[in-house]
Amino acid sequence: MKKRWINYIIAFFIIITLNFVIPRLLPGDPLSAIYGDEVLLNLSDEATDYINKLYGLDKPVIARYFIYVFSIFRGNFGYSIYHKKPVLEILISHLPYTLILTGLSMLLASISGAILGIESGWRRGKKIDRFILSSIIFISGFPAFFTGAIFLIIFGIILGILPFQGAVEAYSGFSGFNLAVDFLKHLVLPLFSLVIVYIPTAYLLTRNSMISSLKEPYILFARAKGLTDTRIRYRHAGRNSLIPLTTQMGIHLATGLITGALFIEIVYSYPGMGTLIYNSILNRDYPVLQGSLFMVTLLVLIVNFFMDIFYVKLDPRIEYAY
Amino acid sequence: MLEVKNLNVSFNGKKILKSLNFKLKAGDITAVVGESGTGKTTLAMSIMGLISEQFSNAKVSGNIFFNGIDICTADRNQLQQLRWKRISMVFQNVDNILNPTLSINSQISEIMPGKNNDLKIKNTLARVGFPPERAVAYPHQLSMGEKQKVLLAMAYILEPELVILDEPTSSLDHHTRNNLIDIIKKMSSGRAVLILTHDLDTVRKLTKKTIMLYGGSIIEAGDTEAIFSNPRHPYTRGLLRSFPSTDRTKDLQGIRGKPEFVEEGCPFHPRCTQSINICRIQKPPLDEYEDRMLSCHRGGIIPLLEVKDVSKSYNGLDVLKSVSLNIYEGETVTLLGRSGSGKTTLAKIIMGLLKADSGEIYLDTRQVNKWDFNFYSRVQMIFQEVASAISHRLNVFEAVTEPLVIQKITERKILEEEAKKVLSEVQLPADHDFLRLYPHHLSGGELQRIVIARALILSPGLLIADEPTSSLDASIQAKILKLLNNIQEERGLGMLFITHDLGVARKVSDKILKLDNGIITEERIK
């Protein structure tokens, strides 16, 4: 357990360092990014020096690195030139939407995917299994933005039963319960589009490992013990089939946060991290981009930490291997 | 209690169990013995009613009556009522037989009805010698022996009427095994217990009855003690001979060939040294035979030679006083005695070189009246003095093929072929140059091999070896003894081995007879 803590701390520092180094490897210098080449060319040397000092660019790289690390620990992620706001403030206003959207959709997708996978693997080769399998493979062919767009057109425009833009109705003045209902209404379409995107992986992984679990000797033993089918299916075979899914979820969260959510958030103009990252790239808003990436990696680290704990609960052999 | 009636199980049309019939009584511990792949586990699965549920490509016919319920036709509900509550099983302790992600405690408690079973679990674990406080552990934290104890505890905890144990002691060390045998004995009283194993040591210590299974058929069944001390089926004997034990002195012998799937006839016929035509065509029925059930067209291991009340005296000196002995197919009987005790006299009488004063000799259950070609093609002898046993005027080829020539087989091609075959069997070169050597070119060991080759060329059933190694030094003697052992395994040769050396006798014999003052007494090999 202690060793694991050290691992996480090392990983954290590597992330911070990379986050510091990578933007500095980009071509051009920060001043030209801020003021543009033309302005810089016309500046006097004194003025340039002054600006350099203002932004701390006169200090050696190592010193700048330590300043960066310390300011991160103080919660200072810099200042967005585009938004004219501190980066942290911007992150805090976007992060919760993404957390709720991706977290909830992953949870729903994993649960329903796992249950479908377990039931389908149990009935391997039967009609119902073949039906679920082929429909899910069909769905998995759609890219995220396509599913999102289809949902938007059908439920948002043609049927007009659900809102499809933003996280809450703008200028509605809702508060309390009404605000919550409005928020949930706006969540439904992006959420289910994402669930549809995530389900196939969860389902296929669980179904496959279910099929191999069912061949294990302890399943035969469980049958001989006279246990009920449900018990064998969920407690013996199902539970052990969740192990690969858990691994996959830990890994997937990173990509899920950025790519999956990114497309869906843009389709529904949902004000989450995806939209934020997308806009920052368009506007060359480097401090925000850097801050967002830091947040995402930190999140992945935290999620992985909990996955690690959950993993040992699921498969006690893991602890043994440490 | 349990009656298996005409049980057939096949997978993808391949018959794994072939019309099994047997009964179990409460209180009996019965072993089903057989090599891996003979269908032991299939039998266990059938009794648990798991075959058709677990394998979609399996076909089961026949009946398994358990207290009047036919397991083969019972529905799921009935089976669920039987399983574990009335019939339980100790599964073979393979990897992942216990669910790796559940603790021992939760895997035991899920078979128990109701709640609050902690005390009972604790007690049962303690009874099998598993520390109850370790029940919180996961399977990967236990040793093989501990897992075996957990499996035992699980099988006995609901006090079922029938317990099936699949290889309960294999892959355990000697100490743990004996410990488990005691536990099983203690836990099994009053129940019917079926032990499936290839570990003969366990069978002997634990069971009253034994069923020998080969190729999915019962080949021999009866009291364990009777079967072990006097195996009647060639396979049973072969298996006993292959099994290392501390009280056997004869070198390990296997069974020739390897297990193969046999569609028709006796399942053992390709490996059997005494099989005849009918064995290939027709499966022998399981018939009552004296104290046991036996499935063999030849009535078990056939008697080769029977000497009955043979007496002989020289000038009023009684050398043999009404001596009797039996030699069975594939068996080595040693005649042990001092020089001049009459060993060679008896050998010569059997060979017809001397005439007995009284008594009878039977070969293949027929009385021998005249010693003719037929007799000598069945019985051959190896003599004590190798140097004088081969005429110095004959070369290797002539010496080895001499018996064939005497039997009026003179075609050069056949002779050469046969000579080469037997020479390679005794591990001598069979090339042209070697065939033309004369006895004085050869060493004592080589000469002895040639004598053995000469004795084998007529494919005799019985070999009488009179001090075949006494003139050889120890290293060559060891080779010759091994050679004889191997030839016996391959051909099922019966051997009368005459020696004065107890050490040699113990290494080669199934039975040692001591000849002293003209009387034979049997020496127990211990």
Side-chain angles (χ1 to χ4, degrees), chain A residues 114 117-118 121-130 205-206 209-247 307-322, chain B residues 41 44-56 74 76-104 106-113 136-142 147 150-151 154-155 157-158 160 163-164 166:
Chain A
I118 287 171
W122 179 262
R123 297 176 172 78
R124 186 192 181 180
K126 301 231 168 81
K127 247 186 197 153
I128 179 102
D129 169 49
R130 286 210 299 265
L205 268 173
T206 315
S209 53
M210 183 76 182
I211 285 168
S212 55
S213 288
L214 284 173
K215 289 183 189 133
E216 292 284 353
Y218 57 80
I219 298 298
L220 179 66
F221 191 19
R223 284 228 170 91
K225 288 201 297 198
L227 301 182
T228 58
D229 271 1
T230 325
R231 200 175 176 87
I232 298 171
R233 197 181 320 162
Y234 282 93
R235 192 172 149 93
H236 285 272
R239 189 189 146 108
N240 293 352
S241 308
L242 293 183
I243 295 166
L245 177 64
T246 316
T247 319
M307 283 296 175
D308 257 1
I309 294 173
F310 182 56
Y311 220 63
V312 174
K313 283 258 174 292
L314 208 56
D315 188 352
R317 285 170 299 180
I318 305 291
E319 178 115 77
Y320 186 66
Y322 255 95
Chain B
T41 303
M45 294 290 149
S46 315
I47 297 174
M48 295 297 292
L50 281 167
I51 289 281
S52 37
E53 199 171 316
Q54 191 71 3
F55 308 99
S56 52
R76 265 176 103 89
N77 234 337
Q78 277 175 304
L79 285 174
Q80 220 145 32
Q81 287 311 308
L82 284 182
R83 283 185 197 148
W84 229 258
K85 296 163 198 80
R86 301 184 66 187
I87 308 176
S88 76
M89 178 165 171
V90 174
F91 275 82
Q92 199 169 348
N93 193 355
V94 293
D95 222 23
N96 274 354
I97 188 64
L98 292 167
N99 190 333
T101 61
L102 296 176
S103 72
I104 299 305
S106 59
Q107 292 192 52
I108 300 181
S109 60
E110 71 179 352
I111 45 181
M112 321 239 335
V136 290
Y138 289 94
H140 66 269
Q141 294 161 330
L142 305 181
K147 271 191 232 174
V150 168
L151 290 171
M154 283 168 106
I157 197 162
L158 297 183
V163 182
I164 304 166
D166 193 358

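Small disclaimer: the values here were computed from a predicted structure and weren't measured. Below, chains carry the letters A, B, ... as their sequence lines are ordered, and counting in each starts from 1. All heavy atoms count here, side chains included; hydrogens, waters and symmetry mates do not.
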Check step by step if side-chain contact (heavy atoms from CB on, under 4.5 Å) holds for Met154(B) and Phe221(A).
CA-CA 11 Å; Met154(B) 283 168 106; Phe221(A) 191 19; 3.9 Å; yes
Is there a side-chain contact (heavy atoms from CB on, under 4.5 Å) between Lys225(A) and Gln107(B) once you walk through the steps?
CA-CA 10 Å; Lys225(A) 288 201 297 198; Gln107(B) 292 192 52; 4.1 Å; yes
Looking only at heavy atoms, the pair that brings Ala224(A) and Trp84(B) closest together is O-CE3, 3.2 Å
Identify the two heavy atoms, one from Tyr218(A) and one from Leu98(B), that lie closest to each other, and give their separation to 0.1 Å.
CB-C, 3.8 Å
Quick check on Leu79(B) against chain A: is it the side chain, the backbone, both or neither that has a heavy atom closer than 4.5 Å?
neither
Under 4.5 Å from a heavy atom of chain A, the part of Ser106(B) involved:
both
Run the side-chain contact (heavy atoms from CB on, under 4.5 Å) test on His236(A) and Leu102(B) for me, step by step, so that the C-alpha distance in whole Å, both residues' side-chain angles and the decisive distance to 0.1 Å come before the verdict.
CA-CA 8 Å; His236(A) 285 272; Leu102(B) 296 176; 3.7 Å; yes
Other residues, nucleotides and ligands only: do more than 12 of their heavy atoms fall within 6.0 Å of CZ on Arg124(A)?
no
Closest approach of Leu227(A) and Gln80(B), non-hydrogen atoms and distance?
O-NE2, 2.8 Å
Please state whether the side chain, the backbone, both or neither of Arg231(A) comes within less than 4.5 Å of a heavy atom of chain B.
side chain
Measuring heavy-atom distances to chain B, does Leu314(A) have an atom under 4.5 Å in its side chain, in its backbone, in both, or in neither?
backbone
Nearest heavy-atom contact between Thr101(B) and Arg239(A) is O-NH2, 3.2 Å
For the candidates Gln81(B), Met45(B), Met89(B), Gln92(B), which exhibits the highest count of non-hydrogen atom pairs separated by less than 4.5 Å from chain A?
Met45(B)
Atom pair CG (Leu50(B)) and CG (Leu220(A)), whose distance is rounded to the nearest 0.5 Å
5.5 Å
Can you name the nearest heavy-atom pair linking Pro100(B) to Pro316(A), along with the distance?
O-CG, 3.5 Å
Considering all heavy atoms of both residues, which atom of Pro217(A) and which atom of Asn96(B) are nearest to each other, and what is their separation?
CB-O, 3.6 Å
So which of Arg223(A), Glu216(A), Lys313(A) has the biggest tally of heavy-atom pairs under 4.5 Å with chain B?
Arg223(A)
